[in-house]
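Heads up: the structure comes next, in structure tokens.
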Amino acid sequence: MVEQRSEEPRVGGSIPSLGTRILSLPLLRTFGHPRFRLVLAIVVAVVVTARLIALIGESFANMTDYRTFFLVAGRLAWHGADPYHLVEGGASLFRTPFLEAPAFLMLFWPWTLLPEELGRAAWIGLEILAVAGTLVAVYRGLGRPTPAEALVAASLVVLFPPLRDSFQEGQVGVFMGLAMALTLLAHQRGRPGLGGAALGAAIAVKLTPVLLLAYFVYRRDWRLCLTAAVTTTVLSAVTLVWGWASYWPTFVSAVVGSSNGTANVLNQSLNGVLLRALHPDLNGLPIASLGVGFRTVWVVGQLLVLGVLAAFVTRGGSKTPEREWIEVSCLLLLLPLVSPFAWDHHFAQATLAVPVAVFLVSRHRLAFWAGAALALAFFADLYLAYPGAQAALAASPSTLKASPFLQLAASVTTVAAISSALLLMRSRSSPEAAG
């Protein structure tokens, strides 16, 4: 008689990951069916479309920055008056100088001639086209998405808080995002002239995109970098042809005068986070000169952010198009942190990070925990940033300084941007089981 023996578990056998175990639950297994995911994505898209219509209406009625800064400064400039002086910031709680470059005012000329309502409508229309163009550029670079993926990405883009703020203020963040997406796509398609022109125009308008130039220097796309430099120079030089040479010294003076940043709760750069912890009373713009101690701490924080970015970009690994989209997403999420100040709409330049993140999650390039944490960061920014800012605004400077909770509430966007970038850095180069 042969003895029956049960087999012992094999050492080194496959152990289901946390993600696999969770997704195998009866209710969640339904999400594994493509048709169900598509139907769910359609339902979400319909709801978000209603939100988009409401956002367009809200934006048309608001557009504070467009009306108070861009339109006023543009008309001043085109009538021969220097626009770089302190102007009342509309609904803002402090006075702030106009900081857009003269090249922006030159390009803004058509809107100085249009009736105000028609100009606002045209601006919003261009913003919508810029967002659509960003999505198209991302997927031209990454590959065609599934219908469900495209609908989810577009829905999350509409809900993206910096994009919403950019629309409501009539700001240029979404245009910067389109320029960055076109620059990378042109780099990948071997069209450095187009990419350099897009990047150069963005630098001429906003200055801060110059930091992205270092990325393409590292990538040794010399023609793109040269074209960007020439485009910026030409657009800036044309302002001299119009007799705007006198605007440049006051523009530079306004930028330098604002270089100390501000502790105002709307400032989501490292500068704002540190000032709220140390000098919350310095919540105007511009503020008094800061001491050596604070500047040292601030510079160390900036170097830390730049060091993390440099390490991520230069570390080993295959340099695929997918990898480059991840790198640029991280760059655009973190670069506002090293500026003296970064309002919520400044992060709209990182709109392309949303479809990139959806692409990574849908293709299991992120571990289950990382995808869940990324979603948590997004929805924390969506639902907590505004209430947190309002709570911090209602507090006195002394109360804000004494309350770490209020300081955190006033910096949700900063935390979300850092968390999202670090999570995207965890992406894998090839599909693996989620864990």
Side-chain angles (χ1 to χ4, degrees), residues 16-58 128 131-164 167 174 177 181 322 325-326 329 333 348 350-386 412 416 419-420 423-424 426-428 430-435:
S17 66
L18 174 62
T20 302
R21 292 198 300 269
I22 292 178
L23 292 176
S24 65
L25 295 174
L27 181 62
L28 295 181
R29 271 205 305 268
T30 310
F31 288 92
H33 296 282
R35 288 183 180 178
F36 178 81
R37 291 201 300 267
L38 178 57
V39 170
L40 183 61
I42 291 173
V43 172
V44 172
V46 169
V47 174
V48 172
T49 299
R51 174 60 190 134
L52 175 61
I53 294 172
L55 175 62
I56 292 172
E58 294 167 4
I128 294 172
V131 174
T134 300
L135 285 166
V136 170
V138 170
Y139 285 120
R140 289 292 296 272
L142 289 175
R144 181 178 297 180
T146 65
E149 180 185 340
L151 288 172
V152 169
S155 298
L156 292 180
V157 162
V158 172
L159 296 176
F160 189 41
L163 181 139
R164 179 184 60 196
F167 265 69
V174 292
E322 177 185 314
W325 283 100
I326 296 168
S329 295
L333 282 167
T351 297
L352 62 86
V354 176
V356 170
V358 173
F359 175 90
L360 295 174
V361 171
S362 65
R363 285 161 174 73
H364 305 291
R365 302 293 205 268
L366 285 174
F368 177 82
W369 68 267
L374 192 60
L376 181 62
F378 182 93
F379 287 104
D381 190 28
L382 178 61
Y383 291 109
L384 300 180
Y386 180 77
V412 170
S419 302
S420 299
L423 289 165
L424 288 176
R426 298 283 302 176
S427 59
R428 298 176 289 216
S430 60
E432 297 175 13

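By convention here, the first residue in the shown sequence is residue 1.
In this structure, the side chains of Leu156 and Val358 come closer than 4.5 Å at one or more pairs of heavy atoms. Side-chain atoms of Glu322 and Leu360, non-hydrogen and from C-beta on, do get closer than 4.5 Å to each other. Side-chain contact between Phe167 and Ile128 is present, with heavy atoms from C-beta onward closer than 4.5 Å. By the 4.5 Å heavy-atom criterion applied to side chains, Phe359 and Val354 are not counted as neighbours. Looking only at side-chain heavy atoms (C-beta outward), Ser155 and Val47 stay at 4.5 Å or farther from each other. Residues Thr351 and Pro162 are not in side-chain contact: their nearest non-hydrogen atoms beyond the backbone lie 4.5 Å or more apart. Side-chain contact between Val158 and Leu163: absent, with no pair of heavy atoms (C-beta onward) separated by less than 4.5 Å.
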Might you work through the side chain to side chain contact (heavy atoms under 4.5 Å, CB included) test for Val138 and Val356, ending with a clear yes or no?
CA-CA 7 Å; Val138 170; Val356 170; 4.0 Å; yes

Under the criterion side chain to side chain contact (heavy atoms under 4.5 Å, CB included), I'd like the reasoning laid out for Val157 against Val131: C-alpha separation, chi angles, the key distance, then a yes or no.
CA-CA 8 Å; Val157 162; Val131 174; 3.5 Å; yes

Going through the distances and angles, do Val152 and Val44 end up as a side chain to side chain contact (heavy atoms under 4.5 Å, CB included)?
CA-CA 7 Å; Val152 169; Val44 172; over 6 Å; no

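Applying the salt bridge (charged side-chain N to carboxylate O under 4.0 Å, His left out) definition to pairs two or more places apart or across chains, none involves residues 131-148.
Between the OG atom in Ser419 and the CG atom in Leu376 there is a gap of 8.5 Å [rounded to 0.5 Å]. Rounded to the nearest 0.5 angstrom, Phe160 CZ and Leu382 CG are separated by 10.5 Å.
In terms of the side chain to side chain donor-acceptor pair (under 3.5 Å) criterion, residue partners of Ser362 (sequence neighbours excluded) are, by chain and number, Glu149. With sequence neighbours left out, Arg51 forms a salt bridge (Lys or Arg N to Asp or Glu O under 4.0 Å) with Glu58.
Residues Ser329 and Leu352 come closest through the heavy atom pair OG-CD1, 3.2 Å. The two residues Ala380 and Val412 make their nearest non-hydrogen contact at O-CG1, 3.6 Å.
By the 6.0 Å contact criterion, OH on Tyr139 is enclosed, its count of non-hydrogen atoms from other residues, nucleotides or ligands being greater than 12.
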